[in-house]
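See below for the structure under consideration.
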There are 2 protein chains.
Amino acid sequence: MAEPTDISTTGRTGAGALAHRVYTTVREQIIRGQYPDGARLGEERISAELEVSRIPVREALVRLETDGFVISAPRRSAVVRTWDARSLDELFDVRAVLEPGAARYAARAVARGGSTVALERALTASRDSVRSGDAYLIAERSAAFHEAIVTTTGSDLLMAQMRAISGRIQWLFFRTSTLDVETAFEDHSELAAAIASGDERVAEALTFAHIELDRAPTFAALGLRPNLAAEPSED
Amino acid sequence: MAEPTDISTTGRTGAGALAHRVYTTVREQIIRGQYPDGARLGEERISAELEVSRIPVREALVRLETDGFVISAPRRSAVVRTWDARSLDELFDVRAVLEPGAARYAARAVARGGSTVALERALTASRDSVRSGDAYLIAERSAAFHEAIVTTTGSDLLMAQMRAISGRIQWLFFRTSTLDVETAFEDHSELAAAIASGDERVAEALTFAHIELDRAPTFAALGLRPNLAAEPSED
DNA sequence: CCTAGCCGTTCTGTATACAGTTCTGGGGTG
DNA sequence: CACCCCAGAACTGTATACAGAACGGCTAGG
C-alpha cells in the first residue's frame, strides 16, 4: 500500500510527478553521498540526466533547498550542502526543541484516545530494517520513526515543521550508521512505549534524553567537535 | 534602510526580484483580507495583474503555500486558506513548542556573550508601531519581535523553523488587532528583559505563558472555540 | 614567475507556447 | 422540478527560447 507521499504530488503518474521524481532521485543521491560535498548541481545537467525539462528541476531544487540538502544563491548553481559543526549543532538544537514537544503532544493525543498505529508501524518497519542491515534503509526508517511521533500528535502543522528537518535527520543517520543501531532501536522502542502510555512528561523527557545523548557520539562519528560556546575557546 | 529580506532574493532589482515582489504583494493582500477566504488565485490572473509571466507567480505561490497562506492541489488553482479552530490550535501548539525553546536558547546565547541588539531594535520598532496605531504595522512588528527572539539564538535553522510560521503569526495578529496591544507590548518588554538577563528558565517560562495566555483571547476575538479534545464533545 | 584585467562560455531568470485536465454552464431526461 | 451528462472554457503542468549575469581561462604587464 503506497503511503501518501505527503507532498503536493503523490507518486502516481500525472501532475507534479516529474518534479517529485527529480526531487526523490537527487535527494537519495545526496544522502548516499554520490555527489562530493559542494558539488554543483546545474539545472541543465540534471534535466539532461533525468530527461525532463528545467522547470521540474527548478521546483525540485527549491524543495531540496528548504530540506537543507542544497544551497543556492541567485544566479549561481545550487551546490550540495557542506556540513560543519555549527550546522550540526543547530540541527540538534532544533531537534531538542521540536521533538520533545512533539512527544509531549503525542502522549497527550494518545491519552485522549488517539491512535498509535502509525507509531507501531514505524517501529516495526524500523526493526525490520535493522535486521536487513541496509544502512540506507535503516536511516530512512529511523528518521520515519521520529516522524511517526509527530504524526501521532495529529497536528499537520507540527508535522510540516518536522518534515522540514526530517531530511537532514535521515542524512545524519546514514552518515552515522556506524553507531550502534541496536541500541538506537531499543531507545525507539522505549520511546514508543512511553508515548503509548500517555504520560506526557515521561515521553518528553525520554525524547529529550534520546536526542541529547546522541549528540556527542554523532559528532564523534563525523569527526567533528560540538561547538560548545560555553567553554571559551582559546583560539 | 532596507532590511535584508532574508529570502534568497533581496529587495534590490535583479535576480528573483519578480517572484519576491509577487510574493510580498499577494501576501500582504491576503493578510489584509483583500481576498475573500477561499478565493481562487489563478496564476494567469495574478501574472496579468502584476505584469509578470507565470513563472515568478508559480514560485511565489510555492512560498505562499509553505507559509500557510494558500492551499494548492495538483491541477487546481491555489486558493486562499480558510482558518478553522483546529488549524489555529495547531498553530498555538507549534508556537508553544518552538518559541519557549527558542527563548531558552536565546537566553543562553546572551549569557554566553551574544548580542541583544536585534531584540532591542525589534522591541523599539514594535513600540513605535503601537503608537502609530496602524493595525497592519503593529501586527508586522509584533511578529517581527517574536522572530527577533529566535534571531538572538544565532541559529539559522531555528530561524528557518520560525519563519515557516511567522507569516501565520502575522496574519493572526492582524486579525486579532482588536485585542489590547498595549498589554501585548508590555509582555514583549518583559520577555526581552528576561532573555537579556540570560536566565534560561525564566525566559522559557515567560514565553510559554505569553503564548498560552493569548490562546483563549485569540479564539474569542475570532469567534472560534478552542478545540480541546480533552472534553469529549457531544456531537 | 606571478598578478590583474578582459573576453568567451556557461548558467540562471524570465517569457512564451502547447497539451492535458478540471471546472462550469446548458440542455436533456426521468 | 431535480438530476445527470456533455461540451466549451479556463487553468495548470511542462517544454522550448532568449536575455543577462557569473565563472573560468587567456593574455598582457610587472
Side-chain angles (χ1 to χ4, degrees), chain A residues 4-26 30 35-66 69-82, chain B residues 4-26 30 35-66 69-82:
Chain A
T5 47
D6 67 75
I7 202 57
S8 59
T9 67
T10 63
R12 73 158 188 272
T13 64
L18 294 188
H20 184 70
R21 186 162 64 86
V22 173
Y23 168 78
T24 307
T25 307
V26 176
I30 291 177
Y35 298 109
D37 268 10
R40 294 179 54 171
L41 297 177
E43 296 180 1
E44 192 124 17
R45 193 171 60 77
I46 297 176
S47 67
E49 277 180 17
L50 300 182
E51 296 180 335
V52 295
S53 90
R54 276 177 48 212
I55 305 288
V57 174
R58 278 182 77 82
E59 297 189 4
L61 286 177
V62 170
R63 290 192 51 201
L64 287 170
E65 184 179 13
T66 67
F69 288 112
V70 309
I71 293 181
S72 67
R75 297 278 182 192
R76 290 169 61 173
S77 292
V79 296
V80 176
R81 167 162 196 172
T82 58
Chain B
T5 48
D6 65 76
I7 203 56
S8 60
T9 66
T10 63
R12 72 157 188 272
T13 63
L18 294 189
H20 183 70
R21 185 162 64 86
V22 173
Y23 168 79
T24 307
T25 306
V26 177
I30 292 177
Y35 298 109
D37 269 9
R40 295 178 53 171
L41 295 177
E43 296 180 1
E44 191 123 19
R45 192 171 61 76
I46 297 176
S47 67
E49 278 180 19
L50 300 182
E51 295 180 336
V52 295
S53 91
R54 276 177 48 213
I55 304 289
V57 174
R58 278 181 78 82
E59 297 189 4
L61 285 177
V62 170
R63 291 192 50 201
L64 287 169
E65 184 179 12
T66 67
F69 288 113
V70 308
I71 294 181
S72 67
R75 296 276 183 192
R76 290 166 62 172
S77 293
V79 295
V80 177
R81 166 162 199 173
T82 58

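All of these numbers come straight from a predicted model, not from anything done at the bench. In what follows, chains are A, B, ... by sequence order, proteins preceding strands, each numbered from 1.
- Using a 4.5 Å heavy-atom threshold, the side chains of A:R21 and A:V52 count as touching.
- Atom-to-atom distance recorded for A:T82:OG1 and A:I71:CD1 is 6.0 Å, nearest 0.5 angstrom.
- Residues A:V22 and A:L61 form no side-chain contact, since every pair of their non-hydrogen atoms from C-beta on lies 4.5 Å or further apart.
- Across the protein-nucleic acid pair, B:E59 atom CD and C:dA15 atom P stand 11 Å apart, rounded to whole Å.
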Using a cut-off of under 3.5 Å, enumerate the N/O to N/O pairs linking the protein to nucleotides 9-11 of chain C.
| unit_1 | atom_1 | unit_2 | atom_2 | d |
| --- | --- | --- | --- | --- |
| C:dC11 | O3' | A:S77 | OG | 3.2 |

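- Computed from coordinates, the A:I55 CD1 to D:dG13 P distance equals 12 Å when rounded to whole Å.
- OP1 or OP2 of D:dG13 lies within a sub-4.0 Å distance of a side-chain N or O belonging to B:R58.
- Atom P of nucleotide D:dA17 and atom CZ of A:R54 are separated by 12 Å, given to the nearest angstrom.
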Audit row: A:R45, A:L41, side-chain contact (heavy atoms from CB on, under 4.5 Å) steps and yes/no:
CA-CA 7 Å; A:R45 193 171 60 77; A:L41 297 177; 3.9 Å; yes
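- Salt-bridge formation is not detected for the pair B:R63/B:E59: no Lys NZ or Arg NE/NH1/NH2 atom is positioned less than 4.0 Å from an Asp or Glu carboxylate oxygen.
- Between A:V70 and A:V26, every side-chain heavy-atom pair lies at or beyond the 4.5 Å cut-off.
- Note: NE2 (A:H20) to P (D:dG13) measures 15 Å, nearest angstrom.
- We find that CZ of A:R21 is positioned 13 Å from C1' of D:dT14, with the value rounded to whole Å.
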